[in-house]
Every structure is written in C-alpha cells, then in structure tokens.
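Only one structure is covered here, and it is reproduced in the block below.
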Amino acid sequence: MLLSVIIVNYNVESFLDQCLSSLKQSKGLLLGKDFEVFVVDNHSVDGSVEMVRSKYPWVRLIANPDNPGFAKANNQAIRLSQGKYVLLLNPDTLVENDTLENCVRFMEEHPDAGGLGVKMLDGQGRYLKESKRGLPTPSTAFYKITGLCRLFPRSKRFAAYYMGHLDPDTPHPVEILSGAFMMLRKEALDKIGLLDETYFMYGEDIDLSYRLLEGGYRNYYFPKTRIIHYKGESTKKGSLNYVMVFYKAMEIFTRKYFSKGRYRIYFQFIRLAIWLRASLSLLARLVKAVLLPVSDFFISYGLLLLLSRAWAASFFHNPHYYPDVYRNVVLPVFSVLFVAACFAWGAYRSPVSLKRTAAGFLSGMAGFLILSALSGPQWQFSRFMAVAGGILCLCAACLSRLLYSKLFRKSFPLSLRKSKHYLVVGSLPEYQRVGEILQAEGIPAGHIFHLQPRDALNALKEQILVNRIGEVVFCSRDLNFDQILLLVSLLRKTGVESKIIPADSRTRVGYKF
C-alpha cells in the first residue's frame, strides 16, 4: 500500500462530503489499489456517519462513541494504516486531482523528508500563511503574541512563526507543518512515535513536526500543488472554548520542550503571555457580545432624556416639566424594551441586520405604548414623546451599526443580503436547480446570474464586476476540483465568497466570514 489518508471529522458533514468527493476524483493513484482512506468520526450528531456509509462505502469508517480528541483519533487510524505514507487531512479541505500523486512523488524523490505540507488557499483564493511555519521558540512565540509578527510580515526574525521571509511559491525545508494537510513517512512515525495525545486539539502538529526534526528528518513545504482549506470550519474558532484549548496547547508545547535550563525564565514569561493573550481574547469576545445591546440602551436612554427636556422646554417652557419618575423609571424601561425586542428579533446576531434592528425598535415602541395604555394614569405620559423618541432611537441605532461595521468590519459585518447577487457557474440544468434553491431562501430571481463552465476562466472577473456579484456558486457536477481551485484563485482580492454545491445536494459549502 502506497498511501493512507486519514480524516478526523466532527459535525462537518457537508465539508466532509466535498473532501471525500475531491479525493475520489484524484488522478494517478487508483482508488482502492494504491491508497486507502480512513474517516474517524468523533461522535458527530449531524449525519456524517450515515453519509459516509451510504455515499462512500470504500472508506474505512471508525465511528467513535465519544470525542477522544484530534490526536487520539488520528492515532487510531494510523495504527490500522498500511501505507508507506500517511496523510493527515482536515475534512474542510479540497485537493487538486493530482495533489496526492505529486506529493507522493516528492516524498519518493526526497528520502530525507519526514513530513510534507502544501500551499493552502482559503475560500476566497487567498494564501494561508500557516502553510509553512517556524518552531515556536520563546522568542518566536513572543513576537507572535505581541503582534510584531503581523507588523513585519516578511522579517526573518519577527515573522519567524510563519517563516515570512520564504517565498510562498517556492519549495523550502521548513520547521512546522500544518495538521490540515500533513503527509508523513510511516517509517518516520514508527521511529519517533505517533501524535502526542496530551493535546486534545491544536498543537499536536507542531509537536509532531518538531519530533520529526529531532529524529533526523526534514519537513518540506511544497507549493507546486494547492488545496483549499476552509480555515476554521471544522473547529468552530468563534467559540470561547477554542481560545482556551488553543492557548493551552501552546503552553503544553512550551512546557514540554522549553522549560529546562536557560529556558526556564523564558517559559514562565511565555506562559504568562499566553494566558494574558487568552484572557484578552476572551475579553474581546465578551465585549463583542455585549457592545451592541449596552450601547443601544445607553444611546436610547440618553436620546430620550435629551428629547424630553428639549420638548418640555419648547412646548411647556420648562425643561424639568416631566417628573423624576419619568426620567428615572419610565425612560430606562422604554430603553430596556428596545433591547429586549432586538434580542427577540435576532438583531444582535451576526451579521448585523438593519432590518432586524428596525423590527426590534418598532416592536419595543409598540410594546411601550401598549404597556402605558394598560397602566394607571400616573404612568401615562406624552404619546408623541414615545413615538418620536422611538423613531429617533431607531435612527441612532442604525447609525451606530453602520459605524461599528465601518470601524470593525470583521467583528460587526453588515448584512447586505438584499443587494447581494449570486453567480452560478455550471450547466443550464444545474443553474436552474441551484436557482430554485436560492429562490427558496428568499433570493430574488433577478439577483441570480449564470456562467457556463467553458466561459468561466475568461469571463469570471468581468461577470463579478458587471453584475455586482457577492457570491459565486460552483457546481461540482460540471466542474472538477482542479477547475474549481483555479477559479477560486481568481477571486483573490475581490472580496467575493465562493461556495461549492454537489450534484445531489441542496447545501452550499464554502468560506464564511
């Protein structure tokens, strides 16, 4: 057996489906003869196991009754594998037709190679710098944690974590490979050992890469073939738990290799820096979660207070006409109703929606008027103030969201679904099928455009520009994954999303902001 491909899956059925489909299309290596494919499922509840059994019976499936972690799941399959080479592959990846063949050939031609990584692109065709990485020594980790790595992305010293001084289009020996695509020599694994199961998730690829170097092997970065890696989709990086797991993995690695001798002081410093960074990340996520509702409350209360005084001064010639109970009880309750209604309408979900915001504020205003009508006379004040105040607060809330979206686009992306246009790249029957799916999601037919596969290479960018395309949907019935990868690479710097839809599916799989 020449190659064993191992995929660890956890609740990403659609991505796994596409990944296995791309492996099935791989040329050069005959399916079932020269390579085997393992899928180790860590107790998914999204139908992944049933999908693999029904659509890919040639896959060797290991269905775990619980989630033992990434490292342990990979080791389960490695122990059963029979290949000369082992490929650890994320489920949220797509490989070119000749990726496996080219990588195996490179390993055969370089007997000193213990591991091999490839050039990775995200779903918008952008190069992923974690395709090649340096060893996270105390100094390298310090530059990464403090942000110097980002400030000097091509510096050999400050950008050592991503080896930014090396050309991403040229093969190089590197120190650390990405676990998203990591081809390993089985002989080397027999010598240095399998993945360290101390790591639950994250860090095990760094640990294994380092042990390969210590074992006398070299790790190579090989950009002559590419894969798409929908970074983060299989790991849910938006969760608070991710932050703690990732930085805990970094601490394990630092303690394991850099806590002795002259590294002891560095280790303590790096440990403090790691947990400080983790705390700041958690704090940033907390701030993001509460910023909109808190700002809605205070902006609304402040505007209502100013409006009440201005109206009283203008109409009653007394800025303090309204009693203290109005200012200190009624107006805060009005503001709380706005926030509660926005929660009910989903106005605090991402992406930010002005439509849901408007629904929330108008519902809050209606609720306040109803509550006032049902209360006693002592709680009934100017209805004009309620209506005018509600409209004013709604305008302020919309303006604040536009400002947040402008200043912090990644944290507060603005929903533009109504104006978003779609381009379906596929045959006419697939265009009609996908069009029906999009229309069922509420997309107007006039916002869905069509491009034949034969014209895609020359006309894709023009179609995006002319028709203001926001999302390109590639039909895998009509395009092989080599063609899709080539077209995705053309989307770089356009800001356009790419999705792929299988022939027998209603689910679009791809990059998400």
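Just the heavy atoms: all of them, side chains too, but no hydrogens, waters or symmetry mates, feed the values below. Residue numbers run from 1 in the order of the sequence given.
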Any donor-acceptor N/O pair, [X] side chain to [Y] backbone, under 3.5 Å:
X	Y	answer
S81	I78	yes
S498	G123	yes
T99	V95	no
K224	P171	no
D455	A459	no
R133	I176	no
E175	L135	yes
E36	Q82	yes
T494	L491	yes
E96	R226	yes

Set out, in order, the CA-CA distance, both residues' side-chain angles and the distance that settles salt bridge (Lys or Arg N to Asp or Glu O under 4.0 Å) for E50 and R53, then state yes or no. CA-CA 5 Å; E50 292 76 12; R53 284 174 176 160; 5.3 Å; no
Distance, nearest 0.5 Å, that separates [atom1] of [X] from [atom2] of [Y]:
X	Y	atom1	atom2	result
I62	I6	CD1	CD1	8.0 Å
Y143	S155	OH	OG	8.5 Å
R211	I206	CZ	CD1	12.5 Å
Q124	S489	CD	OG	13.0 Å
Q483	L486	CD	CG	8.5 Å
Q463	I469	CD	CD1	6.5 Å

Flag the pair [X] / [Y] as yes when at least one side-chain heavy-atom distance between them is below 4.5 Å, and no otherwise.
X	Y	result
P91	V8	no
D196	L208	no
T225	C103	yes
S131	L128	yes
S350	P413	yes
M120	Y127	no
H165	R154	no
L61	V49	yes

[X]: what forms a salt bridge (charged side-chain N to carboxylate O under 4.0 Å, His left out) with it, not counting sequence neighbours?
X	value
D478	none
K55	D17, D504
D296	R401
R185	none

Would V473 and V425 count as a side chain to side chain contact (heavy atoms under 4.5 Å, CB included) if you check the C-alpha gap in whole Å, the side-chain angles of each, and the deciding distance to 0.1 Å? CA-CA 6 Å; V473 182; V425 182; over 6 Å; no
Contacts of [X] that satisfy side-chain contact (heavy atoms from CB on, under 4.5 Å) - sequence neighbours left out:
X	value
R454	Q452
T170	D167, H172
K72	P68, E197
L291	Y404, F412

Is a salt bridge present between R105 and E101, judged by a nitrogen-to-oxygen distance below 4.0 Å?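 Counted as a salt bridge, because a side-chain N and a carboxylate O are separated by less than 4.0 Å.
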K84/E108 ion pair, N-O < 4.0 Å: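 Here K84 pairs with E108 in a salt bridge, since their nearest N and O are under 4.0 Å apart.
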Audit row: R508, E471, salt bridge (Lys or Arg N to Asp or Glu O under 4.0 Å) steps and yes/no: CA-CA 11 Å; R508 305 192 306 282; E471 179 179 313; 2.8 Å; yes
Show your reasoning for whether side chain to side chain contact (heavy atoms under 4.5 Å, CB included) applies to S139 and R157. CA-CA 9 Å; S139 59; R157 175 186 292 272; over 6 Å; no
Who are the side chain to side chain donor-acceptor pair (under 3.5 Å) partners of D41, not counting sequence neighbours? N9, S44
Side chain to side chain donor-acceptor pair (under 3.5 Å) against N42, all qualifying residues, sequence neighbours excluded: N64, N67
The test is side chain to side chain contact (heavy atoms under 4.5 Å, CB included); show your working for L100 and F35 and say whether it passes. CA-CA 10 Å; L100 302 184; F35 77 93; 4.0 Å; yes
Pair E130-S178, side-chain donor/acceptor within less than 3.5 Å: no
Please list all pairs passing the ring pair (Phe, Tyr, Trp, His ring centres under 6.0 Å) test where one or both residues lie in residues 472-504, with sequence neighbours left out. none
Picking from Y161, F158, Y162, what satisfies ring-ring contact (aromatic ring centres under 6.0 Å, His included) with F152?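 Output: one option passes, namely F158.
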Positive for side chain to side chain contact (heavy atoms under 4.5 Å, CB included) with Y230, one of L94, T93, D122: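 It is L94; the other options fail the test.
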Derivation and outcome, side chain to side chain donor-acceptor pair (under 3.5 Å), residues D207 and Y257: CA-CA 9 Å; D207 185 280; Y257 295 108; 3.1 Å; yes
Go through the steps to decide whether L423 and V496 satisfy the test side chain to side chain contact (heavy atoms under 4.5 Å, CB included), and finish with yes or no. CA-CA 10 Å; L423 179 64; V496 174; over 6 Å; no
Please tabulate, one pair per line, all N/O donor-acceptor pairs under 3.5 Å involving side-chain atoms of residues 109-117, not counting sequence neighbours.
{"unit_1": "H110", "atom_1": "ND1", "unit_2": "F106", "atom_2": "O", "d": "2.9"}
{"unit_1": "D112", "atom_1": "OD1", "unit_2": "Y220", "atom_2": "OH", "d": "3.3"}
{"unit_1": "D112", "atom_1": "OD2", "unit_2": "Y220", "atom_2": "OH", "d": "2.8"}

ring-ring contact (aromatic ring centres under 6.0 Å, His included) evaluation trace for Y199 with F70: CA-CA 8 Å; Y199 302 90; F70 181 79; over 10 Å; no
